[in-house]
Amino acid sequence: SQQGEEDPQALSIQEGENATMNCSYKTSINNLQWYRQNSGRGLVHLILIRSNEREKHSGRLRVTLDTSKKSSSLLITASRAADTASYFCATDGDQAGTALIFGKGTTLSVSS
Amino acid sequence: GAVVSQHPSRVICKSGTSVKIECRSLDFQATTMFWYRQFPKQSLMLMATSNEGSKATYEQGVEKDKFLINHASLTLSTLTVTSAHPEDSSFYICSARDGVSGEKLFFGSGTQLSVL
């Protein structure tokens, strides 16, 4: 099963520009996480935001969460070519120990 | 941070053969592990939840006799794709939580299965 949608599906920007990706989900959550995946590789955890948080920062990353709209956004500032990857949001249910359910992902291409 | 080791990273096999994929938690005990499948340019789809010492719980549409899961210890879960066919070709990735209610899921590096 999949939790929701991410938009855009694909995003192409120039180095130095900011990239914003959005994620929507359907059920109540305990937390929402963002992951990055380089082509054909495993997942790298980027940031976790809890359901009682509205915004979180980590380096060039800024994540927001709006539980009333069941949506989240990931902002990457001052993008670099090395940021080229697919980005997924993932949510877990409000019960401990459940699996993460992933959104469809956004493919980001940053050109130099 | 916690490490999950997955092997093999890539396997090519003939149609009809069975393939076993191992997932190990290296520095923590994982009572629960999760198996995902990812087709090209798509997202990760949860296949099953593997519970140590008990039967796995499969998601709707996933054949339990096709994808055998064994979680015999707190650090090892295996996924066996039985009688593999070309349509089983996919990227398989396991994950585990550090503890029953650990917030983060730690992922293996994935296994690219190609069935000829």
Side-chain angles (χ1 to χ4, degrees), chain A residues 1-10 21 23-27 29-53 56 58 63 65 85-109, chain B residues 1-7 9-10 21 23 30-52 54 56-62 69 77 89-114:
Chain A
S1 60
Q2 263 182 317
Q3 180 63 290
E5 300 285 328
E6 269 141 301
D7 75 272
Q9 290 188 347
M21 291 161 262
C23 163
S24 63
Y25 58 92
K26 297 175 182 174
T27 63
I29 62 170
N30 188 40
N31 62 59
L32 183 144
Q33 305 181 41
W34 284 90
Y35 287 84
R36 166 200 168 114
Q37 184 183 35
N38 285 63
S39 181
R41 306 288 292 275
L43 294 167
V44 175
H45 183 266
L46 296 176
I47 196 165
L48 179 153
I49 185 165
R50 295 185 178 84
S51 59
N52 62 353
E53 297 176 313
K56 205 159 184 180
S58 177
V63 168
L65 178 65
S86 292
Y87 292 83
F88 297 93
C89 70
T91 56
D92 65 354
D94 49 13
Q95 292 184 354
T98 56
L100 289 182
I101 303 300
F102 285 81
K104 293 184 177 180
T106 294
T107 300
L108 173 66
S109 298
Chain B
V3 175
V4 174
S5 174
Q6 184 174 344
H7 294 280
S9 59
R10 182 178 294 273
I21 303 169
C23 181
T31 54
T32 303
M33 290 186 175
F34 306 99
W35 288 94
Y36 292 84
R37 178 168 56 184
Q38 184 180 32
F39 291 108
K41 300 189 186 304
Q42 294 188 24
S43 186
L44 282 77
M45 298 296 292
L46 179 66
M47 297 176 67
T49 299
S50 168
N51 302 296
E52 186 269 335
S54 65
T57 304
Y58 291 81
E59 295 298 300
Q60 191 173 13
V62 179
I69 291 173
S77 176
S89 298
S90 186
F91 190 65
Y92 293 87
I93 189 164
C94 68
S95 65
R97 290 184 188 272
D98 183 359
V100 174
S101 58
E103 288 181 317
K104 292 182 186 177
L105 238 59
F106 297 95
F107 285 84
S109 54
T111 297
Q112 182 63 53
L113 172 63
S114 299

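Just so you know, these numbers use all the heavy atoms, side chains as well, and skip hydrogens, waters and symmetry mates. Within every chain, numbering begins at 1; the chains are lettered A, B, ... in the order of the sequence lines, protein sequences first and strands thereafter. What you see is a predicted model, and the numbers here were worked out from it, not measured in a lab.
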Non-hydrogen side-chain atoms of Tyr35(A) and Leu44(B) separated by less than 4.5 Å: no
Contacts with chain B made by residues 45-53 of chain A (heavy-atom distance under 4.5 Å), listed by residue number: His45(A), Leu48(A), Arg50(A)
Nearest-0.5 Å distance, CD of residue Gln112(B) to CZ of residue Arg41(A): 12.5 Å
Heavy-atom closest contact (Leu46(B) atom, Ala99(A) atom, distance): CD2-CB, 3.5 Å
Under 4.5 Å from any heavy atom of chain B - which part of Gln37(A): side chain
Check: Arg97(B) and Asp92(A) side chains under 4.5 Å, non-hydrogen atoms: yes
Gln38(B) portion near chain A, given a 4.5 angstrom heavy-atom threshold: side chain
Spatial distance of atom CE (Met45(B)) from atom CD1 (Ile101(A)) [nearest 0.5 Å]: 8.0 Å
Test item: Ser43(B) side-chain N/O and Gly105(A) main-chain N/O as donor-acceptor pair under 3.5 Å: no
Side-chain donor/acceptor of Tyr36(B) to backbone N/O of Leu100(A), under 3.5 Å: yes
Note, Phe107(B) side chain near Val44(A) side chain (heavy atom, < 4.5 Å): no
